[in-house]
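As C-alpha cells, the structure follows; a few thoughts come after it.
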Amino acid sequence: MAQTILEEKKKSRLMTEGSIWKSILLFSVPLILGNMLQQLYNTADSIIVGNFVGSNALAAVGSSGSPIFLLIGFSQGIAVGAGVVVSQFLGAKDREGAHTAVHTSLALSAILGAILTVCGIAVSRALLTAMNTPAEVLEDAVLYIRLYFGGVLFSVVYNMAAGILNAAGNSKRSLLYLGVASITNIVLDLVLIAGCKMGVAGAAIATDISQLVSCVLSLRFLMRVEDDYRVTAKEVRVHKKMAVRIIKVGLPTGIQNMVISLSNVLVQVSVNGYGAAAMAGFAAYMKVDGFNILPVLSFGMAATTFVGQNFGAGKIDRVKKGTFVTLGMCIVYTILTGILLLAFQDPIMHLFTGDETVIAYGKICMLYFCPFYWMLGILQGLAGTVRGTGKSVPPMVVLLISLCLFRIAWIQFALPLFAGIEGVLLVYPVSWAVGAVLMVLYAWKGKWMQLPEAIS
C-alpha cells in the first residue's frame with residue numbers, strides 16, 4: 001500500500017522544478033494521446049456509420065457536433081477554471097484549499113450535467129431546424145443528439161475529474177481511462193451499428209456507455225488516491241466562496257466556448273446550404289481535423305497547468321520560459337501533421353465513405369485547413385499560458401474576436417462574394433491568423449509578461 005501511494009505521488013509531481021521543456025512535453029504527451037483516443041472513438045462513430053449506414057447518416061452524426069458543443073461549452077469552461085484553481089492550490093502546497101476546490105468542482109459538474117441533460121433533449125429539434133438541416137438528415141440528427149444528451153452527465157463529470165487529475169500532474173490516469181473508454185466505444189459501435197443495425201442510435205448509445213465507463217473509473221481513482229486531491233464522496237458539495245472563485249476563472253472560457261460554438265453553428269448552417277454530400281464531406285474531415293487541433297489544445301492545457309503551478313509558487317521566470325517552449329511545440333507539431341494530412345488525403349477520406357462526391361468535398365476542406373494550422377497553434381498556445389496565471393479574460397476576448405465575431409462578419413459580408421463552399425472554408429485560416437496576431441500583441445505588450453507584481 002505504501003509503495004502504491006509513493007508511486008502515485010511521483011505520478012502527481014509538480015512542475016515547479018527541473019527541465020521546463022521536459023515538464024511540458026511529458027505532461028502534454030498523455031493529454032495528446034488522451035485527446036487522440038477521445039477523437040478516435042468519435043471518428044469511429046463516423047467511419048462505421050458512413051460505411052455501414054450511409055452518407056446521410058454520416059452527415060447527421062457529423063453535423064451534430066456544432067450544436068452539441070454549443071450546449072456543453074459552458075461546462076467545459078468551468079472545468080478549465082477548476083483546473084486552474086486546483087493547480088494553483090497544489091503549487092502553493094495549500095492542502096485545505098486544494099481539498100475544497102476539488103470537492104466543489106465535482107459538485108458543480110454534477111449540477112451542470114443535470115441541467116445539460118434536460119436542455120439538450122428539449123431543444124435539439126428546434127436547434128437543428130433553425131440550422132436548416134436538410135430533411136433527409138434531420139430525423140437521424142435529432143435522434144443522435146437526444147440520445148447523446150441522455151448520457152451527457154457522465155461526460156461532464158469525467159471532464160471535471162480529468163481536469164483535477166491533470167491539475168495535479170497526473171495526466172497518465174486520464175489517458176488510461178480514455179483508452180478504456182475508446183476501446184469500449186469502438187467495440188460497441190461494431191456491435192450496435194454493424195451487428196445490430198441500430199444506425200445513428202447505436203453510435204449515440206455506444207458513446208454514452210463509453211463515457212460512463214471513463215467517469216466511473218476516474219471517480220473511483222480519485223476516491224482511493226492518497227494525495228491532496230483525494231475525493232471523499234460525502235464531502236462533495238458546493239462551497240460558496242470556492243465556487244465563486246472557480247466560476248470567476250472559468251466563466252470567460254465558458255462564455256468563449258459557447259460563443260465560438262455559435263459561430264461554428266453558423267458555419268455549419270452555411271455548409272448545410274450545399275446539401276447532404278457537402279455536409280458529409282465536411283463532417284468527415286472535421287473528424288480528421290480533430291487529430292490536429294486537439295494536440296494543440298493539449299499543449300495549451302499543459303501550459304495552463306505548468307503556468308498555474310509555477311505562478312502559484314511565484315516562479316515567474318519559469319512562466320515566461322514555458323511560454324516559448326509551448327509555442328515551439330505547437331508550431332512544429334502543426335507543420336508536420338499538416339504536411340502528412342495533405343500527403344495522404346485520398347486514403348484518409350476513403351476511410352469514411354466510398355461516395356466520391358463526399359470525398360471530393362473532404363479534400364477541398366484539407367486544402368483550406370492543413371497549411372495553416374500553425375497559426376492556430378500560436379493562438380491556442382499563448383491563450384493557455386495566459387490562462388494559467390488566472391487571467392482568463394484576455395484570451396477570451398481575443399478568441400471571441402477572431403473565432404466568433406470575425407467569422408460572423410465574414411459569413412455576413414464576405415461569403416456572398418464566393419460562388420462555392422470555398423468561401424465558407426476560407427473563414428477558418430483567416431480567423432486563425434487574426435487571433436494569432438492579436439494574441440501575440442497581447443502577450444508581447446501585456447503586463448503579464450513584464451513584472452511579477454503586475455499579474456499578482
Considering the options Val118, Val123, Ile72, which one meets the side chain to side chain contact (heavy atoms under 4.5 Å, CB included) requirement together with Phe149? Ile72

Ignoring hydrogens, what is the shortest heavy-atom contact between Ala233 and Met223? Give both atom names and the distance. CB-CE, 4.0 Å

Side-chain (Asn51) to main-chain (Ile47) donor-acceptor, under 3.5 angstrom: yes

Go through it in stages, so that I can follow the logic: the residues are Ile164 and Leu106, the test is side chain to side chain contact (heavy atoms under 4.5 Å, CB included), and I'd like the CA-CA distance, side-chain angles, deciding distance and then a yes or no. CA-CA 9 Å; Ile164 293 168; Leu106 289 174; 4.0 Å; yes

For the backbone of Met301 and the side chain of Gln380, can you confirm whether one donor and one acceptor N or O come within less than 3.5 Å of each other? no

When Leu219 is tested against each of Val236, Val157, Val231 for side chain to side chain contact (heavy atoms under 4.5 Å, CB included), which residue passes? Val157

Can you name the ring-ring contact (aromatic ring centres under 6.0 Å, His included) partners of Tyr428, sequence neighbours left out? Phe369

Excluding sequence neighbours, so at least two apart, what forms ring-ring contact (aromatic ring centres under 6.0 Å, His included) with Tyr373? Trp432

Which residues satisfy the side-chain contact (heavy atoms from CB on, under 4.5 Å) test with Val332, sequence neighbours excluded? Leu336

Looking at Leu116, Leu108, Thr117, which one forms a side chain to side chain contact (heavy atoms under 4.5 Å, CB included) with Val156? Leu116

Hey, are Arg387 and Thr304 close enough side-chain-wise for a donor-acceptor pair under 3.5 Å? no

Result of checking Val434, Val440, Leu441 against Val437 for side chain to side chain contact (heavy atoms under 4.5 Å, CB included): Leu441

Take Tyr368 and Glu422 through the test side chain to side chain contact (heavy atoms under 4.5 Å, CB included) and record every step on the way to the result. CA-CA 8 Å; Tyr368 281 86; Glu422 291 82 2; 3.2 Å; yes

From CA spacing to verdict: side chain to side chain contact (heavy atoms under 4.5 Å, CB included), Asn272, Met131: CA-CA 8 Å; Asn272 291 354; Met131 290 174 62; 4.2 Å; yes

Decide if atom CZ of Phe69 counts as having more than 12 heavy atoms of other residues, nucleotides or ligands within a radius under 6.0 Å. no

Would you indicate whether the side-chain heavy atoms of Val216 and Tyr177 approach each other to under 4.5 Å? no

What one should report as the nearest heavy-atom pair of Ser270 and Tyr274 is O-CD1, 3.2 Å

My understanding is that only residues two or more places apart in sequence, or in another chain, count here; which of them pass side-chain contact (heavy atoms from CB on, under 4.5 Å) with Arg125? Thr129, Leu138, Glu139, Val142, Arg146

How about CZ on Phe418, more than 12 heavy atoms from neighbouring residues, nucleotides or ligands closer than 6.0 Å, or not? yes

Heavy-atom closest contact (Asn159 atom, Ala79 atom, distance): O-CB, 4.4 Å

Classify the side-chain pair Asn264/Gln268 by whether it contains a donor and acceptor separated by less than 3.5 Å. no

With no hydrogens and no angle check, is any side-chain donor or acceptor of Ser263 less than 3.5 Å from a backbone partner on Leu403? yes

Ignoring hydrogens and angles, state whether a donor on the side chain of Asn166 or Thr305 is under 3.5 Å from an acceptor on the partner side chain. no

Are the side chain of Thr353 and the backbone N or O of Met349 linked by a donor-acceptor pair below 3.5 Å? no

Can you see which heavy atom on Ala101 is nearest to which on Val86, and at what distance? CB-CG2, 3.8 Å

Report the C-alpha separation of Leu251 and Met396 in whole Å, then their side-chain angles, then the decisive distance to 0.1 Å, and conclude whether the side chain to side chain contact (heavy atoms under 4.5 Å, CB included) test is met. CA-CA 10 Å; Leu251 184 61; Met396 179 198 73; over 6 Å; no

List in chain and number order the residues that pass side-chain contact (heavy atoms from CB on, under 4.5 Å) with Ser28, two or more places apart in sequence or in another chain; answer none if no residue qualifies. Ile24, Ile32, Phe299, Ala302

According to side-chain contact (heavy atoms from CB on, under 4.5 Å), who are the partners of Lys248, at least two apart in sequence or on a separate chain? none

Any side-chain heavy-atom pair from Leu222 and Arg173 closer than 4.5 angstrom? no

